[in-house]
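Step one of this worksheet: look at the structure below.
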Amino acid sequence: MKVESRAASHTSVSALRADRTGTSLIGRVLLHAVLIIGAIIMIGPFIWMVLSSLKQFSQVFLIPPKWIPDPWEWGNYKRSWEALPFGRAYVNSFYIALVSVTIKLITCSMAAYAFAKIRFPLREPIFVLFLATMMVPHQVTIIPLYLMMKGLGWLDTHLALIVPASLLDAFGVFLLRQFIKSIPDELEEASIVDGANRWTIYSRIIIPLIRPALAALAIFTFLGMWNSFFGPLIFLNSPDQFTVPLLLNLFRGMYITDWTLMMAGSAIAVIPVLFVYILGQRYIIEGVTLTGIKG
């Protein structure tokens, strides 16, 4: 009887494990199917852009759509590059993005360290008020910001794009603050006992420990500044000051738009974005994940 009971128990356990394995397999298959469908939907517009950049103008909006170019117009990329001063626009975009990244990493890390580790009156209410600025749309503040830039004489200069974006970034401060709060207070206390001041702690202890979060913020900032269109459209007037997104808008005419050249220019413009994201995706995941360890 005991042998039969054990055999029955073993059979039931095996059946239960088989059911769980089957259910888990079905779940994984469904999950991967949903992810694949989502990936196709997300990458569809990018594929359409690249293929449209290789078509003749008359083939772009055919009904039904013709996905494969016939013939392949590789010359669209050369014509697009030569039609507008893309070289100058690339330099402008890189300059604005790199300077903004550098300044923002300094200002956001210093503010984040203060909010995370330094006790001062009304620290938490001030931080909450600072975060509340994230809920204010940029379009609401653009008129007073425009008047400020006009008063400073910064219209039609890159300073109008760099300074406001670099000196006030609630998201960057929040991201770094959450990361810094995960650093044990004992490290700071031991440094103070050894005679270190706030600047020494910030520069020699905090900064090396938050490199993943700094890398993530740098990538977010670079991508945001490179793709920015609204700000340059408002503040810049001279073509030699234009960024890449603003220059692409010149392909759009009053009565007709050369979509093949615009798509070729867009494909050229997206190359640095893809390069930066592919190199830095590990830091983005690591930085964003670790910011939630302690809050």
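The first residue in the sequence is number 1, and the count goes up from there.
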All salt bridge (charged side-chain N to carboxylate O under 4.0 Å, His left out) counterparts of E124, not counting sequence neighbours: R177

Inter-residue atom distance T107.OG1 - L168.CG, 0.5 Å rounding: 9.0 Å

Side chain proximity check, V270 to F46, heavy atoms < 4.5 angstrom: yes

Heavy-atom check, side chain of L261 versus side chain of F57, under 4.5 Å: no

Heavy-atom check, side chain of F242 versus side chain of L250, under 4.5 Å: yes

Shortest non-hydrogen contact between L159 and P164, atoms and distance: O-CD, 3.6 Å

I68 with W74, same ILVMFWY side-chain cluster at under 4.5 Å: yes

CA sep, side-chain torsions, deciding dist, call: K55, D70, salt bridge (Lys or Arg N to Asp or Glu O under 4.0 Å): CA-CA 7 Å; K55 295 178 182 178; D70 186 23; over 6 Å; no

Student check: side-chain heavy atoms of M149 and L152 closer than 4.5 Å: yes

More than 12 heavy atoms of other groups within 6.0 Å of R123 CZ: yes

N76 (side chain) donor-acceptor with A264 (main chain) under 3.5 angstrom: no

Single-linkage hydrophobic cluster L35~I41, side-chain heavy atoms < 4.5 angstrom: no

Residue I43 excluded, over 12 heavy atoms near CD1 under 6.0 Å: no

More than 12 heavy atoms from other groups under 6.0 Å of CH2 on W72: yes

Linked, directly or transitively: V244 and I271 (ILVMFWY side chains, under 4.5 Å): no

I26 reachable from I37 in the ILVMFWY side-chain graph, under 4.5 Å edges: no

Interatomic distance, I183 atom CD1 to I205 atom CD1 [nearest 0.5 angstrom]: 9.0 Å

Step-by-step side-chain contact (heavy atoms from CB on, under 4.5 Å) determination, F230 to F235: CA-CA 9 Å; F230 184 68; F235 296 117; over 6 Å; no

Worked verdict on W226 versus Y90 for ring pair (Phe, Tyr, Trp, His ring centres under 6.0 Å): CA-CA 9 Å; W226 181 272; Y90 255 82; 5.4 Å; yes

Pairwise distance CD1(I103) to CG(L98) - rounded to 0.5 angstrom: 11.0 Å

Minimum heavy-atom distance between A196 and I201, given as atom pair plus value: CB-CG1, 4.1 Å

L30, CG: over 12 other non-hydrogen atoms inside 6.0 angstrom: yes

Steps toward salt bridge (Lys or Arg N to Asp or Glu O under 4.0 Å) verdict (D169, K104): CA-CA 8 Å; D169 183 12; K104 184 174 290 189; 3.2 Å; yes

Joint cluster assignment, I143 & L155, ILVMFWY side-chain distance < 4.5 Å: yes

Side-chain (N92) to main-chain (D240) donor-acceptor, under 3.5 angstrom: yes

I207 CD1 to L214 CG distance, which is reported to the nearest 0.5 Å: 5.5 Å

Shortest non-hydrogen contact from S228 toward P232: OG-CD, 3.4 Å

Heavy-atom closest pair, residues A170 and T133: CB-OG1, 3.6 Å

Contact summary for C108 and L217, nearest pair of heavy atoms: CB-CD2, 4.0 Å

Verdict with supporting geometry, L209 and F179, side-chain contact (heavy atoms from CB on, under 4.5 Å): CA-CA 9 Å; L209 292 177; F179 204 101; 5.7 Å; no

Verdict with supporting geometry, I118 and R198, side-chain contact (heavy atoms from CB on, under 4.5 Å): CA-CA 9 Å; I118 301 177; R198 290 291 185 184; 3.9 Å; yes

4.5 Å side-chain heavy-atom contact, L248 and S266: yes

Donor-acceptor side-chain pairing of T200 and N197 below 3.5 angstrom: yes

For E73, all residues meeting salt bridge (charged side-chain N to carboxylate O under 4.0 Å, His left out), sequence neighbours excluded: none

side-chain hydrogen bond (donor to acceptor under 3.5 Å, both in side chains) contacts touching residues 138-165 (sequence neighbours left out): D156-S238, H158-Q241

4.5 Å side-chain heavy-atom contact, F86 and S80: yes

Minimum side-chain heavy-atom gap L176-Y113 below 4.5 Å: no

Stepwise side-chain contact (heavy atoms from CB on, under 4.5 Å) test for I126 and F115: CA-CA 9 Å; I126 293 175; F115 280 122; 4.0 Å; yes

Between OG on residue S53 and CD1 on residue I268, distance to nearest 0.5 Å: 8.5 Å

CG-CG distance between L247 and L236, expressed to the nearest 0.5 angstrom: 11.5 Å

Sub-4.5 Å side-chain heavy-atom contact between P71 and Q56: yes

Closest contact, heavy atoms only, M225 versus A97: CB-CA, 4.0 Å

Check: Y202/E188 side-chain N/O donor and acceptor closer than 3.5 Å: no

